[in-house]
Amino acid sequence: MRPERFQNRPVRWWSGLEWPVAGLALLLLFNLTFTPGFFHLELRNGHLYGSLVDIINRGSPVVILGLGMTLVIATGGVDLSVGAVMAIAGTVAAQLILRPGFSFPALILASLAVGTLAGCWNGFLVTWLRVQPLVATLVLMVGGRGIAQLLTNGQQIYFEDARLVFVGNGHLLGLPFPVLLSLALLGLTALLTRRTALGLFIESVGDNPRASEFAGVSTRTVKFVVYAFSGFCAGLAGLIDTSNIKSVDANKIGLTLELDAILAVVVGGTALTGGRFSLLGTVVGALFIRTLTTTMYAWNVKSDVAPVPKALAIIAVCLLQSPAFRRRLAAFRRASPS
Amino acid sequence: GLFLASCGEEPAKTPGGAAAEAGGGAKKKQIVVGFSQIGAESGWRTANTESIQSEAKKRGIKLLFSDAQGKQENQINALRSFIAQGVDVIAFSPVIVSGWEPVLQEIKKAGIPVVLTDRAVDAKDDTLYATFIGSDFIEEGHRAGEWLAKATGGKAVIAELVGTPGAAPAIDRKKGFEEVLAKNPGMKIIKSQSGDFNRTKGKEVMEAFLKSPEAKQITALYAHNDDMALGAIQAIEEAGLKPGKDIVVVSIDGVRGAFQAMADGKLNCTVECNPLIGPQLFDAVEALLAKKTLPKRTGVMESVYEQSQAKEALPNRKY
Amino acid sequence: MASDASAPLLEIRGLTKSFPGVKALEGVDFTVRRGEVHALMGENGAGKSTLIKVLTGVYAPDGGTFRLGGAVIRPASTKEAEAVGISTVYQEVNLIPHLSVAENICLGRQPTRFGFVDWAGMTRRAVAALARVDLRIDVRRPLSSYSIAIQQLTALARALDVSARLLILDEPTSSLDAREVGELFQVLRKLRAEGLGIVMVTHFLDQVYAIADRITVLRDGRLVGEYETAKLPRMELVSRMVGRDWSAVAAAPRAVAGVGEPTGEVLLELRNFGRPGLVGPVDFSLRAGEVMGLAGLLGSGRTETARLIFGIERARTGEMRLGGRPIKVHSPRQAIREGLAFTSENRKLEGIIPHLSVRENIILALQAREGLLRPLPRARQLALADEFIQLLGISTPGPEQAVMNLSGGNQQKVLLARWLALQPRLLILDEPTRGIDVGAKAEIEKLVQSLRAKGLAILFISSELEEVVRGCRRVVVLRDRVQVGELTGPALTEEGILQTIAGASHAP
Amino acid sequence: MKPPRLNSQYIPLVATGVVLAVLYVTGGCLFPNFFSLRVLVNLFGGNAVLGVAAIGATFVILSGGIDLSVGAVIGFTSILIATLVEEHHVAPLLAISLALLLGTGFGAGMGALIQRFELPPFLVTLAGMFLARGLAFVVRPDNLGIHHPFYAEGINHSLALQLDSRVSWPFAATCFVALFLVALVLAHYTRLGRNIYALGGDETSARLMGLPVARTKIATYTIGGFCSALAGVVYTFTTQNGDPAACVGKELEAIAAVVIGGTLLSGGVGFVAGTGMGVLILGLIQTLITYQNLNSWWTVIVVGLLLLLFILLQNVVSALSGRLDNTARHG
Ligand SMILES: Nc1ncnc2c1ncn2[C@@H]1O[C@H](COP(=O)(O)OP(=O)(O)OP(=O)(O)O)[C@@H](O)[C@H]1O
Ligand SMILES: Nc1ncnc2c1ncn2[C@@H]1O[C@H](COP(=O)(O)OP(=O)(O)OP(=O)(O)O)[C@@H](O)[C@H]1O
Ligand SMILES: [Mg+2]
Ligand SMILES: [Mg+2]
């Protein structure tokens, strides 16, 4: 057969990004025209201040969770436990900071380690015990908050330690620190997946686990690593959220954030069935979801009905991305003039 | 019928007597109470649970405690299993106000008296329960409103952080507060949004308020609970304003964090909502078993705290 | 032919279909008559499967018309195609593995009683349907508990279970052995006599000449011509298919025959090797620079033997030595590190990574061996991909095309490339030529020989005895999951193998 | 072939049954009056909402999909019925029919999106969950008791079966059992049911086999939507109440019940009967925990661990049965 045109273009980091970006742009355009002051930026106390900053700042935990979630989803799994893991990691940090004489770096390491450990537990269930990911992570989602409460004995903990408060509230180079953290994590993840063979292995395992196994890819290791990494991300997000409100409340922190993270991944163009993934897509997806929320605050949409526009926007973006939808649209356009 | 409250030091013996009177011949029978709690969703709730559990232990009452994790279905199932276990009294804090008639009727059929705590139920037939012990959320809203009216001389542009949509405290605290506003034309709410009773959302929503074009007008903040107020205070600080001065902050609950914030001058007032109802609850239980009739409604000891009282009260706060 | 020329059963005119980047079919005409077996031939990627899928409503055509029995049809789904009397068995087995054999045969048209599925009736009907293809198995067991061959026969039984006018078989014999092919043809002849039109896609020339009445040849998505089998010599057919003079390609096969004793050292030794309940014991050894065949009927345990060696399944008895060293292989990963390579017979499930590109599929095993932290530089990846696309003649728009968009045969070549890129010591090929066209088959045979010449040890599993005899110096024969003989030298003929399989005490 | 052996596919189902029995007997040995009629009735009555929802989820999961909108649809249905009956004085039966119709249509809509535009079910039903929950709050932001005589007397007295002087079998439990029986027939004795299995087994193959894939897929989500709405109706029966925030997270419980019942989340394998037992197992676990008087955070941890234990047990049993199967075939 003679190819009509050569598809010799490798999959680049930006491919598939056009639709999520279009969705985000559309939303921003809406705000530009209808929401006064949405794009207003100013320098207050030496750092940037405005709705846009809020979006990237408050979006950081979702970006961070989303990066871990992207890899998990790319292997054909899902991690429902991230919200609960945030609670555990946050609790550990808050408890340690109140303990006099505990060194701060050790504290950070400890809470990240706890998150990673929780991820390892998920990975253990999924790989060694072959529990389906949805169920395996459901276990920790259900039980995780219980563990966090066990640690705090059900109490809320408040703290004022400047170093810990900085993690979620500080500014560097005029930007909120969480934003810098999520950028750093994006860089790290990209490096980890694209500068090593991990990305290839993740995609192949997600696409066809048996064939990958036969080709010598250790599917267990790959899956274990992504769950552990997702746990690490959840730990980091938990740290940020805890620090952000200078307290930990095991019941509320990260509640339903796992859904936002999954949405971010999907809106970003990574298929839930596994295989190809896009990190930048996830970032765009997270920003999209966050912009939506901020828009609704700005419009004073009551939070109980806020899910309605959110649902509609998500369906719209996913329709735009769906090849089937575009096919049908094209067919419709072709049919209508005649 | 609350005479037992005065027994202070030696509560453990008296109830034994009361139970013995009630049970006639069965002298050694331990009182068994089934209590279904809403959940452990906040520090306030934990303090509430803790108060009930420790009081039961103190009085030698066997407490069957069940946690509904915020779900009415779970709570109904728990109540049913209390019937099956044949407890002497059933007490519970209903998750929501309506939807209790069928199960309360079952309990009534089984001849077990019911004590409601913390939240009331909406039942046409008020013989379905013996008494309700708890705060009056509307009254709390009133008090917050009245304090604010007094503090600002009846002139305030208010941002409101509402509780979880549909929850009784959120509905009633809004209602009580608005009743006060109706009497004070100088006070109006210009921003109102749910912060879901938690700090993160409280902070987030306040951030959004402060970025709206009307932000400059806001002079006061009314939060349906302390957690949201504490989150919002951070947002106010980050916007370069002084909470407690540029924006007057009033909230409800009276948790320790709120007292700390008042001591720091960032929060102006908190209306107490007292979770420590254990003693009152078991007084009522014992009275019921002694076949005494109770008033349908028993209030809880509560007050309003301002900055001036904060430093002094702080060390005594249990929750 | 002449008898029934008046009214063709199926008439396709000007069929066109393209995929992103590929014109799969361009203005193809195709005619099938009543009571004939019509072979559809062409190289890998010529468009045979696509033609069938368009005809049966799986893909929508870009242009062209279909007439069935004179009436214009435009099936939009397999169901609609079936309703007008077109029944199909697709190239890859397309059934539901978890459901029982009976359900797989009757799904969508179960016998019902008062509107409810009649399970007993269904079992009876399935048994009857399978009897038509001479298969007697427990139809209540899940399909997945049976071999690919049985699954394919089940698919055929399903296709025959409706009153079809036109039966389409896309490579129905690729996983059948000689006896089963014979039986299948028996069935087909009977159906032909009943007036059915039968379209058969196959790469086996013998089979074409054994059963087909007419042949249509496609090349590069275009029609080359329609011929009567009797009037088209084999060489002619092959030249039409490959579009060049056949003699150049045909030179390959016999080249193997004259090879002498392999001089390499013994690489693989199996002693009493097996796993009770699965396969074995088997005993044989394989030298570097030698091609050894593994022959037997379907289900005789050839695939299992290969899987034991490669560590997919763990051996329980006996020992395996590699390069003189005793070794226990417990995973494919380890096997690869030891220099082993294995192409599975199940391309769809165990071979391709469908959404990844040709390049990524080719380098995957190599990268896995190199490890996580030593990614192959992009230039090296591309060089490898280009090299193998060239070497194996993989027909693809480029190295970045997703493998799932390649035709079946080209996917097989990509898999071969994956393993060759490893430069293994021992290469296990399980049905490497299944679904590959003559030209490519010859290429692969040639390649096997050149790899052998470079000192590779090759274990060659194939259901085509001719191929085994032609390419191997020694053949181990399995029957009922145990080794029953080993043939070399003059004894190594198709007849010899068949006799050993049949149980004549001819083998040492 | 000759002697009818236990088909390996049924082994997970048997395992589920064994665990159910063990749990029940354990409870009886540990606690007095656990074997009472009341506990048994409570088990069915108290889990009727979950049961109805889980049966819907079974079909969706069998088809290889997932439905996250269950809890939200229950909330929407209940508040819709309550508002219609109490505030607009619509006849209860009419309100219930309307709610069922809306829920079924909602399911069909999601199915159509999933099918026609090839969107992932996880995503569409997640959006469905947001939508239904939001709409529930639009209908009415707070809960509302239903005091109509149809509920107060009809459902709770006339339609309940008096078993003895103190215990009666609630109508909600009757709904659960009836739906269960219908679902059994639907899954195993209708073409639609078998097509759902085929769809979950391998969609491409199902299409090539000429099965009506599109119709089946939409039908599956329609069944799911109907069951969710019916669960909402049953919810109003058990509580005489409508609540827009009702049953948050019920979908996860339903999925857990389905999985415990031996249905594979990947689709194509499973049993309605297993789901029925899974629901009872979840109910028993909850009852046992209440009886055991555990602290709240322990409750969630224990539920998590039990869920895990259960899945593992099933994996072990299936693995063992698989081996059994192999030896049976070859040996
Ligand atoms: N879904 C698809 N998307 C893109 N390209 C496709 C698709 N299906 C087939 N093709 C391309 O169309 C061409 C014809 O493929 P087809 O499967 O019809 O070949 P074939 O004749 O059946 O070959 P084989 O003998 O190898 O099975 C090939 O180049 C293939 O890559
Ligand atoms: N006649 C049969 N009845 C039941 N199961 C069978 C039968 N033949 C094969 N199997 C099963 O099919 C599986 C695959 O065996 P397979 O037929 O692939 O072996 P093989 O010797 O490699 O044959 P081939 O490679 O030609 O397919 C085995 O697990 C076996 O249990
Ligand atoms: Mg083909
Ligand atoms: Mg084989």
Side-chain angles (χ1 to χ4, degrees), chain B residues 32 34-41 45-46 49 53 62-86 94-106 109-111 121-125 162 164-168 170-172 174 194, chain D residues 31-34 36 38-39 41-43 45-47 49-50 78-79 82 136-137 140-147 151-152 155-156 165-168 170 172 235-250 253 283 286-287 289-291 293-300 303:
Chain B
V32 182
F35 182 79
S36 168
Q37 178 63 285
I38 293 181
E41 76 281 4
R45 186 66 57 196
T46 325
T49 302
Q53 283 178 329
K62 182 170 179 203
L63 180 71
L64 301 182
F65 181 86
S66 162
D67 184 306
Q69 286 150 32
K71 293 187 181 133
Q72 187 181 27
E73 315 94 82
N74 290 353
Q75 207 161 23
I76 291 177
N77 286 345
L79 297 185
R80 290 217 171 101
S81 77
F82 289 155
I83 307 177
Q85 292 179 84
V95 173
I96 57 173
V97 296
S98 60
W100 301 102
E101 283 180 354
V103 68
L104 286 179
Q105 257 150 11
E106 271 178 53
K109 238 195 255 170
V121 300
D122 143 46
K124 285 245 167 81
D125 175 4
V162 184
T164 305
I171 295 167
D172 290 350
K174 186 172 179 63
S194 167
Chain D
F31 307 106
N33 59 34
F34 194 86
S36 65
R38 188 187 285 278
V39 171
V41 169
N42 283 353
L43 197 57
N47 295 294
V49 175
L50 174 63
S78 75
I79 194 62
F137 279 98
R140 192 188 160 92
D142 60 345
N143 45 44
L144 179 64
I146 308 174
H147 302 289
Y151 273 85
I155 299 290
N156 261 326
S165 59
R166 308 176 78 189
V167 183
S168 62
Y235 176 88
T236 62
F237 291 167
T238 55
T239 63
Q240 297 191 15
N241 166 37
D243 179 8
C247 294
V248 171
K250 201 47 124 193
E253 271 177 69
Q286 203 186 25
T287 313
I289 284 174
T290 311
Y291 268 72
N293 210 5
L294 280 174
N295 207 337
S296 75
W297 37 80
W298 276 116
T299 317
V300 275
V303 169

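Side chains included, hydrogens not; waters and symmetry mates left out as well; all remaining heavy atoms used. Computed from a predicted model, the values in this text were never measured in an experiment. Here is the naming used below: chain letters follow the sequence lines, and residue numbers restart at 1 for every chain.
- The closest donor-acceptor contact from the side chain of B:Asn74 to the backbone of B:Asp67 lies at 3.5 Å or more, if one exists at all.
- Heavy atoms closer than 4.5 Å to chain D are found in both the backbone and the side chain of B:Val97.
- Interface residue D:Asn143: backbone and side-chain heavy atoms are both found under 4.5 Å from chain B.
- Between chain B and the options D:Val39, D:Leu144, D:Thr287, heavy-atom pairs under 4.5 Å are most frequent for D:Leu144.
- Looking at B:Ile171, the atoms closer than 4.5 Å to chain D (heavy atoms on both sides) all sit in the side chain, from C-beta outward.
- For B:Ala110, the parts lying near chain D are the backbone and the side chain together; criterion is any non-hydrogen pair under 4.5 Å.
- The distance from atom CG of D:Asn42 to atom CG of B:Leu79, rounded to the nearest 0.5 Å, is 10.5 Å.
- At a 4.5 Å heavy-atom cutoff, D:Thr236 makes no contact with chain B through either its backbone or its side chain.
- Counting heavy atoms from C-beta outward, B:Ile76 and D:Thr238 have side chains that stay 4.5 Å or more apart.
- With a 4.5 Å cut-off on non-hydrogen atoms, D:Tyr235 touches chain B through its side chain but not through its backbone.
- The closest side-chain donor-acceptor pair between D:Asn241 and B:Gln72 falls under 3.5 angstrom.
- Proximity to chain B (any heavy atom under 4.5 Å) is shown, for D:Gln240, by both the backbone and the side chain.
- The backbone N or O of D:Asp243 lies less than 3.5 Å from a partner atom in the side chain of D:Ser78, making a donor-acceptor pair.
- A salt bridge links D:Asp142 and D:Arg140; the closest N-O separation between the charged side-chain nitrogens and carboxylate oxygens is under 4.0 Å.
- Contact of B:Glu106 with chain D is made through the side chain alone, with heavy-atom distances under 4.5 Å.
- Looking at D:Val167, there are no atoms closer than 4.5 Å to chain B (heavy atoms on both sides), in backbone or side chain.
- The pair D:Glu253-D:Lys250 meets the salt-bridge criterion, with a side-chain N (NZ, NE, NH1 or NH2) lying under 4.0 Å from an Asp/Glu carboxylate O.
- Contact annotation for D:Pro244: neither backbone nor side-chain heavy atoms come within less than 4.5 Å of a heavy atom of chain B.
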